[in-house]
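Let me begin by presenting the structure, written as structure tokens, before commenting on it.
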Amino acid sequence: MSDFGARVRKVRKERNMTLVKLAELCDSSENVIRNYEKSRRLPQVDMLIRICNALKVSPDYLLQDGLVYQARYANEELLLKISRLSPKNVSVLIDMADTLGKYDEIK
């Protein structure tokens, strides 16, 4: 699980969240979260759930290791990117997905 800490840090930064804020949301200390991010320790299940809720990611995303590709990982990446879009661009994306879905139905 060497990538767990790197994934936590990556998602936290993508969310523009400080270490202090993540610790606060997890009802923990900055030092504890830092140890997770540096892969010095792994969280217990209850803390893993708090981290996932705070970062809005699934546990499997944070816990997977060494996978070249997994559909769920791709979905998590897509959701992270969509979460950064403006409401107007989300609407455009939904329209595009509807159009692509109609195109697939024709084939």
Side-chain angles (χ1 to χ4, degrees):
M1 293 204 210
S2 59
D3 293 334
F4 172 80
R7 284 191 192 96
V8 170
R9 186 171 195 268
K10 177 183 178 239
V11 175
R12 177 178 62 78
K13 290 196 168 272
E14 286 175 347
R15 302 251 188 254
N16 295 317
M17 188 182 297
T18 66
L19 200 60
V20 173
K21 182 64 177 176
L22 179 55
E24 181 182 298
L25 291 171
C26 294
D27 194 28
S28 186
S29 72
E30 181 181 351
N31 194 44
V32 168
I33 301 298
R34 182 179 293 111
N35 283 333
Y36 296 147
E37 287 191 359
K38 293 190 176 205
S39 297
R40 293 179 187 150
R41 296 183 56 193
L42 287 174
Q44 296 292 324
V45 173
D46 62 326
M47 178 58 81
L48 173 64
I49 291 167
R50 285 187 262 163
I51 291 170
C52 290
N53 286 335
L55 295 176
K56 297 181 173 103
V57 295
S58 64
D60 60 327
Y61 173 76
L62 293 179
L63 295 173
Q64 67 180 334
D65 275 323
L67 298 176
V68 175
Y69 177 81
Q70 183 182 26
R72 192 164 221 150
Y73 175 76
N75 290 341
E76 292 287 342
E77 287 294 311
L78 182 59
L79 289 174
L80 282 172
K81 290 178 182 189
I82 291 171
S83 72
R84 289 185 242 134
L85 295 175
S86 69
K88 180 179 177 182
N89 284 337
V90 169
S91 178
V92 169
L93 186 60
I94 290 169
D95 290 343
M96 289 173 61
D98 287 342
T99 300
L100 289 172
K102 290 175 187 173
Y103 177 77
D104 282 344
E105 290 172 5
I106 294 171
K107 283 184 152 183

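For reference, positions follow the sequence shown, starting with 1.
One hydrophobic cluster holds both Val90 and Leu78 under the rule that ILVMFWY side chains link at heavy-atom gaps under 4.5 Å. If you chain together hydrophobic residues whose side chains sit under 4.5 Å apart, Ile94 and Leu85 fall into the same group.
Between atom OG of residue Ser39 and atom CG of residue Asp3 there is a gap of 7.5 Å, rounded to the nearest 0.5 Å. For the atom pair SG of Cys26 and CG of Asn53, the computed distance is 8.5 Å after rounding to the nearest 0.5 Å. Of the inter-residue distances, the one linking Arg50 atom CZ with Met47 atom CE reads 4.0 Å to the nearest 0.5 angstrom. To the nearest 0.5 Å, the span separating CG on Leu22 from CD1 on Ile33 amounts to 4.5 Å. One finds the CD atom of Glu24 at 11.5 Å from the CD atom of Glu30 (value rounded to the nearest 0.5 Å). Expressed to the nearest 0.5 Å, how far CG of Asn89 lies from CD1 of Ile82 amounts to 11.5 Å.
For the pair Leu79/Lys56, no side-chain contact is recorded, criterion being any heavy-atom separation below 4.5 Å from C-beta on. At least one side-chain heavy atom of Arg15 sits less than 4.5 Å from a side-chain heavy atom of Leu80. Looking at heavy atoms from C-beta onward, Tyr36 lies out of side-chain contact with Leu42 at the 4.5 angstrom threshold. At a threshold of 4.5 Å between non-hydrogen side-chain atoms, the residues Lys10 and Glu14 count as touching. Side-chain atoms of Arg7 and Leu63, non-hydrogen and from C-beta on, never get closer than 4.5 Å to each other. For the pair Lys13 and Val8, the minimum side-chain heavy-atom distance is 4.5 Å or more. Here the side chains of Cys52 and Leu62 are in contact, with some heavy-atom distance below 4.5 Å.
Residue Arg34 places its CZ atom among more than 12 non-hydrogen atoms of other residues, nucleotides or ligands, all under 6.0 Å distant. The number of heavy-atom neighbours closer than 6.0 Å to CZ of Arg41, taken from other residues, nucleotides and ligands shown, is 12 or below.
Between Thr18 and Arg12, the side chains place no donor N or O within less than 3.5 Å of an acceptor N or O (distance only, hydrogens not considered). In this model, a donor atom of one side chain and an acceptor atom of the other lie less than 3.5 Å apart for Ser58 and Asp60.
Here the side chain of Arg40 pairs no donor or acceptor atom with the backbone of Asn35 at under 3.5 angstrom.
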Apply salt bridge (Lys or Arg N to Asp or Glu O under 4.0 Å) to the pair Asp98 and Lys102, showing each step before the final yes or no. CA-CA 6 Å; Asp98 287 342; Lys102 290 175 187 173; over 6 Å; no
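Pro43 and Leu48 make their closest contact through CB-N, 4.0 Å (heavy atoms, listed as atom of the first residue, atom of the second, distance).
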